[in-house]
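Here the structure comes first, spelled out in structure tokens, and everything after it is commentary.
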Amino acid sequence: MIDMNNNEVSEDLFVPLSKRSSKEVFFYRIPGFNDEISKIIDRYYAAVRKKGAILTGKLKNPDENQVAYFLQILGSEFRLDRSFLEESLGKWIAQLSSNRRTVLANELYDTLVDFRSLGKNEAMIKNLYVRLMCWIYYKLGSIITHIGDDDAPKILYGGAIGRHELCLLRLLHKCNCDVVFLQYCGENEYNALDPKGTMSKRISLPDMGAYPEDFDIKSIEAAEVQRKKREQFYIGEAAVMAGTNIWLKGDNILEDLRTIPVSRGDDKRVFYNSLVRVEGVWDKLSYQNDLYTFYTEMKNSGRRIVLLEKRIPMPTNSELEGVERGSFKTKEQVVTALLRSVRLPVNEDLKKIFARAYVDVIFEEAERPGMTMQRLTTLAACVSCWLNRYGPSLFNSWTMPIVSLLIYLGGCRSAHEAAFLRVLSRLPCDVLILTPNLNEKCLLEDPKLFELKYTDSVNLTEYPTEMSAVQIGTVAYHAERELDSALYEGTGLYRDYQYKKASSVVLKTMLEEIDILWNQEMKFRPNFTVVNGVVSVPVIFAKVSGVRDAQPNKYWKWVQSLLTDNTFLIQSAPFIDRRNFNPMGVNSAALIKDGKLRRDYVISLREYQYRYLRKETQDLIFDKIDLLMSSRLISGTFKNGTEYIIASTLLNLPPDILKLIQGFDFTKFNPKVIYINTRETSISLEDAVLTAFLSLIGFDVLFLVPTGYQTVEGYFEKNILDEHKVGEYMYDLQVPKLKMPKTSVQKSKPKFGGLFRKGQ
């Protein structure tokens, strides 16, 4: 009855006997697992639910009540002959027709005879008889009356197996039932019972591995319960379905995606789409040009395309206004409410596909470890808003078999983005994810995802949609980049201006250490690190009060020794006088919104002075202004309007300071500020803002106060100034003419003239 040469599950398993090529039933055992097996199990499970029985091993012995009832009906007599068994079945299962009773009695007789041939005595045979009769009555009563039907009953058995259980499965199979045995507990028990493997057919597909650790019949049943719950939220069954990735060749993904949808497959009920991620690049020299050519061809072909780069912009307030809010306690409540927020398409089939894709993905996301209802609600809201935002561009006027295209350069950075793309991949849309930089990881995971991985990597942040934007590196260029990687990644060596972001950390030091650290490159200072492209810059932010040994001449020589070619020297207080006109002060009230600088507004102002600086320098300045305000380091910030003084002051810095900021290479020598105050004149609030800001940028800031008077301390909420008290306090000292050293210690730094100003 079993074709032992065929190693695949026959499609005949799912059709009536009259339509099967062999006209016979099947007994399959499946010792391993993969995606294909998973699909077969799901499909067979659905058939079993319609007409069949699910058994989990090992089966429990009949309990006392069941045995007592058996004895009440049939008594304790037992004879191993067909007429006795048929008569007993007539009493035990009265609803059996005479034909079915005869078939079952004959197969039961053969089973018991085979059992006797193994050397079993009469007591053992009778014990098996009672077990089989009870199992048939209590576990198979709903299907046993259908044995011999053209639509054969189906048995799904999973787990450990013993001799008695195998006898039952073989009996059912001989009575024209299909049997599938899932060996997720291993093959050893079965092989001991059927050494030659002749009772059933072993299925072994390519790439089949072990079953998942948590897999069992109960997990299938739980998944079925979840599926039933999901179906309650579907709008209906669409007449078409997705054939995701089944048509891909895979060796040249761009060539595959060029294939017009109508040529991807023959089934008119299927739209052939794709979910693909390409990590790395296939060719450094041609990659960008290939992307440009592909994009241009797709646009010219009339395909609907959406292109995303770096990140998917979060929903705006206006988009979120259309999303139902509430405190949800279950995933069902989340789906019910937020599916209503999705503007479903007009096409009836597409509307049903939309709803099914949304429900399936949100339910699956709800089962992820650590997922709370609040997180799920936020995720579902983002998916709803993004479907509303990009859906019209991708699916307006959709008809079969049209498939749109979404390209995402950079990969998913959040679970929200991954969920959105997973929904799209279940719709008539090709989803192409490109992560050419191998240091960037995409968070999307999906059983249907097709991945291509290459070893070469390029840093590409913008998709080349115009030929003028395509930059193709030469062989020598890429060779130099590879040499850079070998020399500068993880070696402690750093390329000039290798990093664009820095975070300063103030060092607590002894006075003598200032002399040592002052002329050290950042990378040699304690606590210097580089993490995720951000340099931790150790800086000095200190005050030296008094004059050592009360010797002014020696004191000023020491000050002279601190001067370098990237030092900004202030020789009298205040440096910034609020009475002087500040063009940014006119607009100060409009510079800040929600506690942050309004960057676009600032840049649009005619008075904005930093346009000539490199973009990363402007971003650095903006970031540190925001940081200074949010830290509330300066007294009065967000209390009495000090934040406006901070913003307007730092948007009106002197050109020489801006040059030092732009010239600062975070891994090398840092710029300095030396602020000398020998008088009783107070340092201004603006001076405190300036020096605190420059410390955040990465400057060393040193206040020299021979008098020991307070300087900036009164303007700070926290005691961040490292004060060193040395020698005697001296008053009314005259600052001598300080000169730039003839030979700079920091030869690698750009030289800016005119930094040492008198009377500043």
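By convention here, the first residue in the shown sequence is residue 1.
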Leu248 vs Ile253, side chain to side chain contact (heavy atoms under 4.5 Å, CB included): CA-CA, chis, key distance, verdict:
CA-CA 8 Å; Leu248 290 178; Ile253 199 63; 4.1 Å; yes
Ile661 and Phe693: CA distance, side-chain angles, deciding distance, side chain to side chain contact (heavy atoms under 4.5 Å, CB included) verdict:
CA-CA 11 Å; Ile661 295 173; Phe693 166 78; 4.2 Å; yes
Should His416 and Ile312 be marked as a side chain to side chain contact (heavy atoms under 4.5 Å, CB included) after you check the CA-CA gap, both sets of side-chain angles, and the distance that decides it?
CA-CA 9 Å; His416 308 58; Ile312 303 177; over 6 Å; no
Go through Leu605 and Leu651 one step at a time and tell me if the side chain to side chain contact (heavy atoms under 4.5 Å, CB included) criterion holds.
CA-CA 11 Å; Leu605 293 175; Leu651 290 172; over 6 Å; no
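For Ser630 and Asp626, the side-chain atoms include no donor-acceptor pair closer than 3.5 Å. Under 3.5 Å, the side chains of Ser263 and Tyr272 contain no donor-acceptor pair of N or O atoms.
Side-chain atoms of Asn388 never come within 3.5 Å of backbone atoms of Glu319 as a donor-acceptor pair (strictly under, hydrogens ignored). Looking at Tyr463, its side chain does come within 3.5 Å of a backbone N or O of Leu291 through a donor-acceptor pair. In terms of modelled atom types and a separation under 3.5 Å, the side chain of Arg304 and the main chain of Asn396 share a donor-acceptor contact. At distances below 3.5 Å, at least one donor-acceptor pair connects side-chain atoms of Arg611 with backbone N or O atoms of Ile603. A donor-acceptor pair is defined here as one N or O able to donate and one able to accept, closer than 3.5 Å; no such pair exists between the side chain of Thr435 and the backbone of Lys441. Proximity of a side-chain donor or acceptor of Gln618 to a complementary backbone N or O of Leu613 within less than 3.5 Å is detected. At distances below 3.5 Å, not a single donor-acceptor pair connects side-chain atoms of Asn245 with backbone N or O atoms of Val276. Put simply, the side chain of Thr378 gets close to the backbone of Gln374: a donor and an acceptor are under 3.5 Å apart.
Taking a 6.0 Å sphere around CD of Glu445, one finds it holds 12 or fewer heavy atoms contributed by other residues, nucleotides or ligands. Atom CG of Asp266 sits in a sparse spot, with 12 or fewer heavy atoms from other residues, nucleotides or ligands closer than 6.0 Å. Taking a 6.0 Å sphere around NZ of Lys351, one finds it holds more than 12 heavy atoms contributed by other residues, nucleotides or ligands.
When Leu350, Thr399, Asn347, Leu394 are each tested for a side-chain contact (heavy atoms from CB on, under 4.5 Å) with Pro428, only one passes: Leu350. Just one residue in the list Thr455, Asp290, Asp456 forms a side-chain hydrogen bond (donor to acceptor under 3.5 Å, both in side chains) with Trp282, and that residue is Asp290. Only one option out of Arg277, Glu417, Arg311, Lys310 pairs with Tyr408 in a side-chain hydrogen bond (donor to acceptor under 3.5 Å, both in side chains); it is Glu417.
Taking 4.5 Å as the limit, some side-chain heavy atom of Trp386 sits within range of a side-chain heavy atom of Met314. Asn273 has its side chain out of reach of Cys429: every pair of non-hydrogen atoms, C-beta onward, lies at least 4.5 Å apart. Considering only heavy atoms from C-beta on, Met298 comes within 4.5 Å of Arg258 through its side chain. Residues Glu607 and Val586 form no side-chain contact, since every pair of their non-hydrogen atoms from C-beta on lies 4.5 Å or further apart. For the pair Trp247/Asp256, a side-chain contact is recorded, criterion being any heavy-atom separation below 4.5 Å from C-beta on. The shortest distance between side-chain heavy atoms of Leu438 and Glu279 falls below 4.5 Å. For the pair Ile592 and Tyr644, the minimum side-chain heavy-atom distance is below 4.5 Å. The closest side-chain heavy-atom distance from Ile362 to Leu379 is below 4.5 Å.
Using a cutoff of 4.0 Å between basic side-chain nitrogens and carboxylate oxygens, Asp35 and Lys39 are not scored as salt-bridged. The residues Asp446 and Arg426 are annotated as salt-bridged, a charged nitrogen and a carboxylate oxygen being separated by less than 4.0 angstrom. In this structure, Glu365 does not pair ionically with Arg375, as no charged nitrogen and carboxylate oxygen lie closer than 4.0 Å. Of the charged side-chain nitrogens involved, at least one lies within less than 4.0 Å of a carboxylate oxygen, so that Arg356 and Glu237 count as a salt-bridged pair. A salt bridge links Arg303 with Asp430; the closest basic N to acidic carboxylate O contact falls under 4.0 Å. By the 4.0 Å N-to-carboxylate-O rule, Arg599 lies close enough to Asp623 to be salt-bridged with it. With respect to the salt-bridge test (charged N to carboxylate O, under 4.0 angstrom), the residues Lys596 and Asp594 do not qualify. For the pair Lys331 and Glu367, the salt-bridge criterion is met [side-chain N within less than 4.0 Å of a carboxylate O].
The line from CD1 of Ile697 to CD1 of Ile621 is 6.0 Å long, rounded to the nearest 0.5 Å. Gln662 CD to Tyr612 OH: the interatomic distance, rounded to the nearest 0.5 Å, is 8.0 Å. Atom CG of residue Leu182 and atom CD1 of residue Ile30 lie 5.5 Å apart, to the nearest 0.5 angstrom. The distance from atom CG of Leu434 to atom CG of Leu308, rounded to the nearest 0.5 Å, is 11.5 Å. Atoms CG and OG, from Leu257 and Ser274 in turn, are 4.5 Å apart once rounded to the nearest 0.5 Å. Rounding to the nearest 0.5 angstrom, the gap separating the CG atom in Asp349 from the CE atom in Met241 is 11.0 Å.
Across all their heavy atoms, Tyr454 and Val278 have their closest contact at CE1-CG1, 3.7 Å. The two residues Tyr358 and Ser384 have their closest heavy-atom pair at OH-OG, 2.8 Å. When all heavy atoms of Ala381 and Val323 are compared, the pair lying nearest together is CB-CG1, 4.0 Å. Nearest approach of Cys442 to Cys412, heavy atoms of both residues: SG-N, 3.3 Å. The minimum heavy-atom distance linking Ala502 with Val537 is given by the pair CB-CG2, 3.7 Å. Listed here is the closest heavy atom pair of Pro261 and Pro401: CB-O, 3.1 Å.
Relative ring orientation between Tyr184 and Tyr211 is described as perpendicular, the plane-to-plane angle rising above 60° on a 0-90° scale split at 30° and 60°. Ring geometry for Phe215 against Phe33 counts as tilted: the plane angle lies between 30° and 60°, on a 0 to 90° scale. Classified by interplanar angle (parallel below 30°, tilted 30° to 60°, perpendicular above 60°), the ring pair Phe420/Tyr390 is tilted.
Between Tyr499 and Phe666, the distance separating the two ring centers is not shorter than 6.0 angstrom.
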